[in-house]
Amino acid sequence: RLRKWQRKIRISGATERNLAFALSELDRIASRLNLPRTVRETASVIYRDAVKKKLIRGRSIEEVVAAALYAACRKCNVPRTLDEIAEVSGVKKKGVGRTYRFLARKLNIRLPPTSPIDYVPRFASELGLSGKVQSKAIEIIKKAMKKGLTSGRGPTGVAAAALYIASVLLRERRTQREIAEVAGITEVTIRNRYRELTSKLNLGVTF
Amino acid sequence: MGENDLEIEIENIVASATLGRPIDLSKISKALKSVNFNRKQFPGLVYKLDKPKTAALIFGSGKLVCTGAKSVEDSIKAIKTTVNKIREVDPDIPEDYEIKIQNIVASANLSKPLNLDEIAMTLENTEYEPEQFPGLVYRLDKPKVVLLLFGSGKVVCTGARDPKDAKLGVKKTKERLKELNLI
DNA sequence: GCTTTAAAAAGTAAACT
DNA sequence: AGTTTACTTTGCAAAGC
C-alpha cells in the first residue's frame, strides 16, 4: 500500500534524522572534551546498539548520547567525570548517571569502576607535574587500594590526594586549591583523603 | 557456629491504610495543627505526629500513608492515632480498615570491612558506582529486597514487607559473601 | 517520570565560622 | 582548617500531572 510505504519512508527518515543529530551531538561533546577518535567511535557504536534495541524510548537523544560517551570514556580508560559530561552536554548529572546505568544493564556493558590511577596522567599534565610525581602517586594509590582505603570513595578525590602527597614528597608541590580545581572537587575533599592516606599508609611523612 | 549475631535494626517503616470513605482534606487541614497541605504541590495532606515520631499523608480518597516508624507496632499505632484524629473532625470513619506494611528499611553491621571493588566483580546482581554513591547495590531475589553494602561493613536492607525478610536478606547476603570469600 | 514522607549507610559539596 | 547542613542511593504507598 502506498500509504504504508509513505509511512515507512517517513519513519525511516525521522530515524535517520535522529541518528544524524545524535552523531553530530556526540561529536560536538567529544570535541569539547578533547576525546580521541577511538572513544568517539566506541560511543557511536554504543549509541547505535541502543537504537537497535529501542532503548531510546522515554529518553532524550541528548541523554543517551551523553551516557554513551561516558560509558565509552570508561571503556577506553580515558575517564571523564559525570560532571564534565553533564557540563558540556547540557544533560543533568543525575540523568547521565541514570541513563548510563540503564544502558549498561540493557547492553550488558559491565565496566569496573574507574580507577583513581586512570585520572593521574590527565591531572598531572594539567598541573605540569613530572612523571616521577605521577609514578609516586600511582604507588600511593596502589597501596591505598590494598588497604581498602578506596572503597566507596570518589576516584577523583583519591587521585587528587595521591598527587598532592606525591607533589609534596618530590618537592614539586602544588596547592590543594590548584589540584582541587583540575580534579573538579573541593579542597575539603582533598584534605579528608590525604589525611586518611597519610595516617593509614606508611608514607614516611607527616603533614 | 550459630552466629545469631545479626542484629538488624529497623530504621523506617512505610505503611498504608484504606479507610474506605472519602475525606474532606480542607476540613482537616483547618482543624489540625501540625498539618501541611498544598493541593497544587502534592495531593496528600501531610500530618506529623510526635508520639510515635512519624509523618502521615492523608488523601481525599480515604487512603493514607504512614512513614517514619521504627517498629511495626509503632507504625500501626501511628495510623490508629491519625485515624482517630480524622474521626474527631470527620465522624463516620469505619472501625475496621485495612493496614498494610509496604516497606521496611533496616540497617546491620557485618563487622568486617568490605572490598567493594572485589564484590562488584564477583557477586551477581550488583551495581557499584563510587563516583555517584559510596554504597554497592545488591539485589536479592529470594527475599525480594535490595541491600546497600558499604566499605565499613555496614549494610542497609530495604524493600522488605516483613521484618523477617529484612533479617533474612542480610543473613543471605552475609552467607553469599562468605561463600565467595568476600567476607 | 515527577511531586511528598521517613530513615540508614558514607562520601562529597557549599556555606560558615 | 574545621563544622554544619544538605544532597547522592535503595525501597514503597498515596492521586494526579
Side-chain angles (χ1 to χ4, degrees), chain A residues 58-60 63 81-83 93-95 97-98 101 150-158 160 176 180 183-193 195-196 207, chain B residues 8-19 22-23 25 36-49 52-70 74-75 78-79 99-110 114 116 127-140 144-161 165-166 169:
Chain A
R59 263 160 274 273
S60 70
E63 233 175 12
T81 63
L82 281 177
D83 280 310
K93 178 181 179 179
K94 194 172 177 176
R98 180 202 297 144
R101 282 178 231 147
T150 57
S151 271
R153 283 100 179 164
T156 54
V158 175
Q176 290 178 14
I185 59 178
T186 64
E187 295 168 72
V188 176
T189 295
I190 291 193
R191 244 172 264 147
N192 290 335
R193 291 297 125 247
R195 241 194 298 169
E196 181 175 53
F207 291 85
Chain B
I8 275 64
E9 201 162 327
I10 293 179
E11 307 285 357
N12 183 31
I13 292 182
V14 178
S16 62
T18 303
L19 305 183
I23 297 174
L25 299 184
N36 256 85
F37 185 39
N38 299 298
R39 190 151 235 149
K40 343 216 74 185
Q41 186 178 49
F42 189 70
L45 183 161
V46 182
Y47 177 53
K48 300 196 175 184
L49 20 175
K53 186 171 171 285
T54 55
L57 303 176
I58 306 170
F59 299 87
S61 63
K63 292 190 175 184
L64 57 137
V65 172
C66 171
T67 63
K70 294 208 177 285
D74 275 358
S75 186
I79 287 178
I99 295 178
K100 188 180 181 187
I101 300 299
Q102 303 285 174
N103 184 32
I104 294 177
V105 179
S107 63
N109 194 344
L110 301 182
L114 266 25
L116 303 183
E127 265 182 44
Y128 175 46
E129 297 294 330
E131 196 187 328
Q132 301 168 66
F133 186 69
L136 179 149
V137 182
Y138 178 44
R139 287 162 208 281
L140 254 189
K144 192 179 170 297
V145 296
V146 174
L147 296 108
L148 303 178
L149 311 183
F150 297 87
S152 64
K154 299 275 189 67
V155 173
V156 169
C157 177
T158 185
R161 296 188 124 85
D165 283 336

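Numbers restart at 1 for each chain; the letters A, B, ... are given by sequence-line order, proteins then strands.
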Novice: Output the rounded distance in Å from CD1 (Ile58(B)) to C1' (dT4(C)).
Specialist: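 The answer, rounded to whole Å, is 13 Å.
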Novice: Measure the distance from CD1 on Ile101(B) to C1' on dA6(C) and round it to the nearest whole Å.
Specialist: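 Rounding to the nearest Å, CD1 of Ile101(B) and C1' of dA6(C) are 14 Å apart.
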Novice: How many whole angstroms separate atom CG of Asp165(B) from atom C1' of dG11(D)?
Specialist: 13 Å
Novice: Just checking Lys100(B): base, sugar-phosphate only, or nothing, at a heavy-atom cut-off of under 4.0 Å?
Specialist: nothing
Novice: How far does the P atom of dT9(D) sit from the matching atom of dC2(C), given to the nearest Å?
Specialist: 10 Å
Novice: Using a 3.5 Å cut-off on both pairing distances, which stems of three or more Watson-Crick or G-U pairs include DNA chain C?
Specialist: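 Stem list for DNA chain C: C:1-5 with D:13-17, C:10-17 with D:1-8.
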Novice: side-chain contact (heavy atoms from CB on, under 4.5 Å) with Glu9(B): which residues, sequence neighbours excluded?
Specialist: Glu11(B), Ser107(B)
Novice: Between protein and nucleotides 12-17 of chain D, what N or O pairs are separated by less than 3.5 Å?
Specialist:
{"unit_1": "dA15(D)", "atom_1": "OP1", "unit_2": "Ser61(B)", "atom_2": "OG", "d": "2.5"}

Novice: To the nearest angstrom, how far is Leu49(B) atom CG from dA6(C) atom P?
Specialist: 11 Å
Novice: Return the value, rounded to whole Å, for the distance between atom CG of Leu110(B) and atom C1' of dA8(C).
Specialist: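 Rounded to whole Å, this separation is 14 Å.
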Novice: Test of understanding: with ring-ring contact (aromatic ring centres under 6.0 Å, His included), list the residues that count as partners of Phe37(B), not counting sequence neighbours.
Specialist: none
Novice: Glu131(B) near the nucleic acid: base, sugar-phosphate alone, or nothing, with a heavy-atom cut-off under 4.0 Å?
Specialist: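 No contact.
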Novice: Nearest 0.5 Å please: distance from the CG atom of Asn103(B) over to the OG atom of Ser16(B).
Specialist: 11.0 Å
Novice: Taking the nucleotide of DNA chain C with the nearest heavy atom to each, does Lys94(A) or Ala106(B) sit closer to the 5' end?
Specialist: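 Counting from the 5' end, the first nearest nucleotide belongs to Lys94(A).
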Novice: Under the side-chain contact (heavy atoms from CB on, under 4.5 Å) test, which residues partner Val146(B), sequence neighbours left out?
Specialist: Val137(B), Arg139(B), Thr158(B)
Novice: Grab the CG-P distance between Asp74(B) and dA7(C) for me, whole Å please.
Specialist: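 Asp74(B) atom CG is separated from dA7(C) atom P by 13 Å.
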Novice: Using a heavy-atom cut-off of under 4.0 Å over every strand shown, decide if Arg195(A) touches base, sugar-phosphate, or nothing.
Specialist: sugar-phosphate
Novice: Distance check needed: dA15(C) C1' versus Glu187(A) CD, whole Å only.
Specialist: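 In whole Å, dA15(C) C1' and Glu187(A) CD are 14 Å from each other.
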Novice: Measure all distances between protein nitrogen or oxygen atoms and nitrogen or oxygen atoms of nucleotides 9-13 of chain C, and list the pairs falling under 3.5 Å.
Specialist:
{"unit_1": "dA10(C)", "atom_1": "OP1", "unit_2": "Ser152(B)", "atom_2": "OG", "d": "2.3"}
{"unit_1": "dG11(C)", "atom_1": "OP1", "unit_2": "Arg153(A)", "atom_2": "NE", "d": "3.1"}
{"unit_1": "dG11(C)", "atom_1": "OP1", "unit_2": "Arg153(A)", "atom_2": "NH2", "d": "3.2"}
{"unit_1": "dT12(C)", "atom_1": "OP1", "unit_2": "Gly154(A)", "atom_2": "N", "d": "2.8"}
{"unit_1": "dT12(C)", "atom_1": "OP2", "unit_2": "Arg193(A)", "atom_2": "NE", "d": "2.8"}
{"unit_1": "dT12(C)", "atom_1": "OP2", "unit_2": "Arg193(A)", "atom_2": "NH2", "d": "2.8"}
{"unit_1": "dA13(C)", "atom_1": "OP2", "unit_2": "Thr186(A)", "atom_2": "N", "d": "3.3"}
{"unit_1": "dA13(C)", "atom_1": "OP2", "unit_2": "Thr186(A)", "atom_2": "OG1", "d": "3.3"}
{"unit_1": "dA13(C)", "atom_1": "OP2", "unit_2": "Thr189(A)", "atom_2": "OG1", "d": "2.6"}

Novice: Could you tell me the separation between the NZ atom of Lys70(B) and the C1' atom of dA6(C), rounded to a whole number of Å?
Specialist: 8 Å
Novice: Which is true for Arg139(B) with a 4.0 Å heavy-atom rule: it touches a base, it touches only sugar-phosphate, or it touches nothing?
Specialist: sugar-phosphate
Novice: As an exercise, state the distance from CG of Leu64(B) to OH of Tyr47(B), rounded to the nearest 0.5 Å.
Specialist: 11.5 Å
Novice: Rounding to an integer number of angstrom, what distance separates dC7(D) and dT3(C) when you compare their P atoms?
Specialist: 12 Å
Novice: Between dT3(D) and dA6(C), how far apart are the P atoms? Round to whole Å, please.
Specialist: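 Pairwise P distance, dA6(C) against dT3(D), rounds to 28 Å.
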Novice: Under 4.0 Å: is that the gap between some side-chain N or O of Lys48(B) and OP1 or OP2 of dA6(C)?
Specialist: yes
Novice: Closer than 3.5 angstrom, by distance alone: can the side chain of Glu127(B) be matched with the main-chain N or O of Arg101(A) as a donor-acceptor pair?
Specialist: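 Checking the backbone N and O of Arg101(A) against the side chain of Glu127(B), no donor-acceptor pair under 3.5 Å is found.
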